Amino acid sequence: MNAPHIRPELFTWEFASDPYPAYAWLREHAPVHRTTLPSGVEAWLVTRYADAKQALADQRLSKNPVHHSKDAHGKAKTGIPGERSANLMTHLLNIDPPDHTRLRRLVSKAFTPRRVAEFTPRVQELTDHLIDQFAHKGSADLIHEFAFPLPIYAICDLLGVPREDQDDFRDWAGMMIRHGGGPRGGVARSVKKMRGYLAELIHRKREALPDTPDPGEDLISGLIRASDHGEHLTENEAAAMCFVLLFAGFETTINLIGNGTYALLRNPKQRAQLQQSIERGEQELLDTGIEELLRYDGPVELATWRYATDPLEIGGQRIASGDPVLVVLAAADRDPARFDEPDTLDLSRRDNQHLGYGHGIHYCLGAPLARLEGRAALGTLLHRLPDLRLAADPADLRWRGGLIMRGLRNLPVEFTAAQPSAPRIASR
């Protein structure tokens, strides 16, 4: 840990590779810390578990950027890249009750345990299909060839994006997660293209909507049906909802698969125990293991933006009205006051009420789907590629820039090439 008098530097490339020592320093010496972000916006970082849990549930911390005390220029630097210019602000991550309650109720129908269970065969089909594409080569970049396309195609299927259009979504999403690594203005252009496509798709689905819903009706059709039957969902709200489900639904799962696989490769004893459990046909260690990977190096580093609507106190620190507050989930989930040996990966950890998917009314709606995809991806990888190994020096791996999410740019691996087998029925 850094010496008590040396405040760690935040948001550098070195910090991105391993932020946990800096977060440990903040938890001990400045648990509610005001800092200037790379964008120039000043915000409070909340790093202790108890304070984080309180802040996530505090109704005085609004999700609506209108409460940000700064001018329009400062406000434009918060939120999801490109959402303002594409008029996609009215979604679950930016609104409070009662609108939040209404919209969440509509979309929650797509993420019931029954609907997720019905989606399990499709997720497994996608998982096997993607592994088939590289299993014979003996090497792969697991981010670009596996962790990235799996949740993109899964969420597109759930939304009802036609198969022939899903590669366009893959391209737009790829630009969105570069976080400044692509051409100037590329994120905004991709978001606007996605916005235009969603508006057109919603219109087409509304024109062709049957009188009664089919079993397993896609989410966009369900949103249209609700808006046409008294729920007052505007077309812009529907487009914004689809946008945030795509954004939140794919990047979190990319990072769960990527970070989780990397953690297992760096912890061979834990990985071996999980592999043996999977080969015995057991599910329990995989289930607790996914939760531990979410805690240990989860996909969401900081919870999305909150703004104080009134003066309040967090962890003994006074927060002024209008101040932005960022809850550091990655720091809270390694708080030794809450978790025994928090810097140790323990796939069998039982007492694991992590905050990886948030807490309170903004708890991640798609968490059941992300867990399903994580179990399918990691379980199938370890079963089909049992000698999977890292093909790069960990010091050479790079993490994507960005404030909210935490994920690798690439994850090169090697393994014994599988013998060619009879082709499966194409899943795409």
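Residue numbers count from 1 along this sequence. Predicted, not measured: the structure shown is a model, and the values here were computed from it.
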When you measure from the side chain of [X] to the backbone N and O of [Y], does any donor-acceptor pair fall under 3.5 Å?
| X | Y | value |
| --- | --- | --- |
| Ser321 | Thr309 | yes |
| Ser277 | Gln273 | no |
| Glu301 | Ala330 | no |
| Arg334 | Phe339 | no |
| His144 | Arg409 | yes |
| Thr288 | Leu347 | yes |
| Asp310 | Arg60 | no |
| Arg295 | Asp333 | yes |
| Gln317 | His33 | no |
| Asp58 | Gln54 | no |

Exercise for the section: Can you measure from CD (Glu145) to CD1 (Ile131) and round to the nearest 0.5 angstrom? Expected result: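 Separation between the atoms: 11.5 Å.
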
Exercise for the section: Would you please say whether a donor-acceptor pair under 3.5 Å links the side chains of Asp168 and Tyr197? Expected result: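 Result is no, nothing qualifies.
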
Practice task
Tell me yes or no: between the side chains of Tyr23 and Asp18, is some donor less than 3.5 Å from an acceptor?
Solution key: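 No - no donor-acceptor pair under 3.5 Å links their side chains.
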
Exercise for the section: Classify the ring geometry between Tyr307 and Trp305 as parallel (under 30°), tilted (30 to 60°) or perpendicular (over 60°). Expected result: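 It falls in the parallel class, under 30°.
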
Practice task
Could you walk me through whether Asp351 and Arg338 pass the salt bridge (Lys or Arg N to Asp or Glu O under 4.0 Å) test, one step at a time?
Solution key: CA-CA 9 Å; Asp351 182 16; Arg338 176 60 185 83; 3.0 Å; yes

Practice task
Answer yes or no on whether Arg7 is positioned over the face of Trp25, meaning its NZ or CZ is under 6.0 Å from the six-membered ring centre and within 45° of the axis.
Solution key: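 Arg7 over Trp25 ring: no.
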
Exercise for the section: Check the surroundings of atom CG in Asp340: do more than 12 heavy atoms from other residues, nucleotides or ligands lie under 6.0 Å from it? Expected result: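 No - once you tally the heavy atoms of other residues, nucleotides and ligands closer than 6.0 Å, there are 12 at most.
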
Handout entry: Steps toward side-chain hydrogen bond (donor to acceptor under 3.5 Å, both in side chains) verdict (Arg27, Tyr49)
Key = CA-CA 9 Å; Arg27 275 197 313 267; Tyr49 182 92; over 6 Å; no

Practice task
Not counting sequence neighbours, which residues clear ring pair (Phe, Tyr, Trp, His ring centres under 6.0 Å) with Tyr296? List them please.
Solution key: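 Testing Tyr296 for ring pair (Phe, Tyr, Trp, His ring centres under 6.0 Å), a comparison that skips the adjacent residues, returns none.
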
Handout entry: Pairing residues for Phe146 by the ring pair (Phe, Tyr, Trp, His ring centres under 6.0 Å) criterion, not counting sequence neighbours
Key =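 Scan of Phe146 (ring pair (Phe, Tyr, Trp, His ring centres under 6.0 Å), adjacent residues dropped) gives none.
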
Any idea which heavy atoms bring [X] and [Y] closest together, and the distance?
| X | Y | result |
| --- | --- | --- |
| Asn259 | Gly298 | ND2-O, 3.4 Å |
| Leu326 | Ile404 | CD2-CD1, 4.4 Å |
| Met405 | Thr252 | CE-CG2, 3.7 Å |

Under 4.0 Å between a Lys/Arg side-chain N and an Asp/Glu carboxylate O for [X] and [Y]?
| X | Y | value |
| --- | --- | --- |
| Glu284 | Arg350 | yes |
| Arg34 | Asp323 | yes |
| Asp171 | Lys193 | no |

Practice task
Quick one: do Leu201 and Lys205 satisfy side chain to side chain contact (heavy atoms under 4.5 Å, CB included)? Show the steps, please.
Solution key: CA-CA 6 Å; Leu201 183 61; Lys205 284 184 177 289; 3.9 Å; yes

Handout entry: Step-by-step side chain to side chain contact (heavy atoms under 4.5 Å, CB included) determination, Leu369 to Glu373
Key = CA-CA 6 Å; Leu369 178 60; Glu373 292 172 347; 3.8 Å; yes

Problem - salt bridge (Lys or Arg N to Asp or Glu O under 4.0 Å) between Glu207 and Arg204, intermediate numbers included - result: CA-CA 5 Å; Glu207 292 291 312; Arg204 281 192 278 132; over 6 Å; no

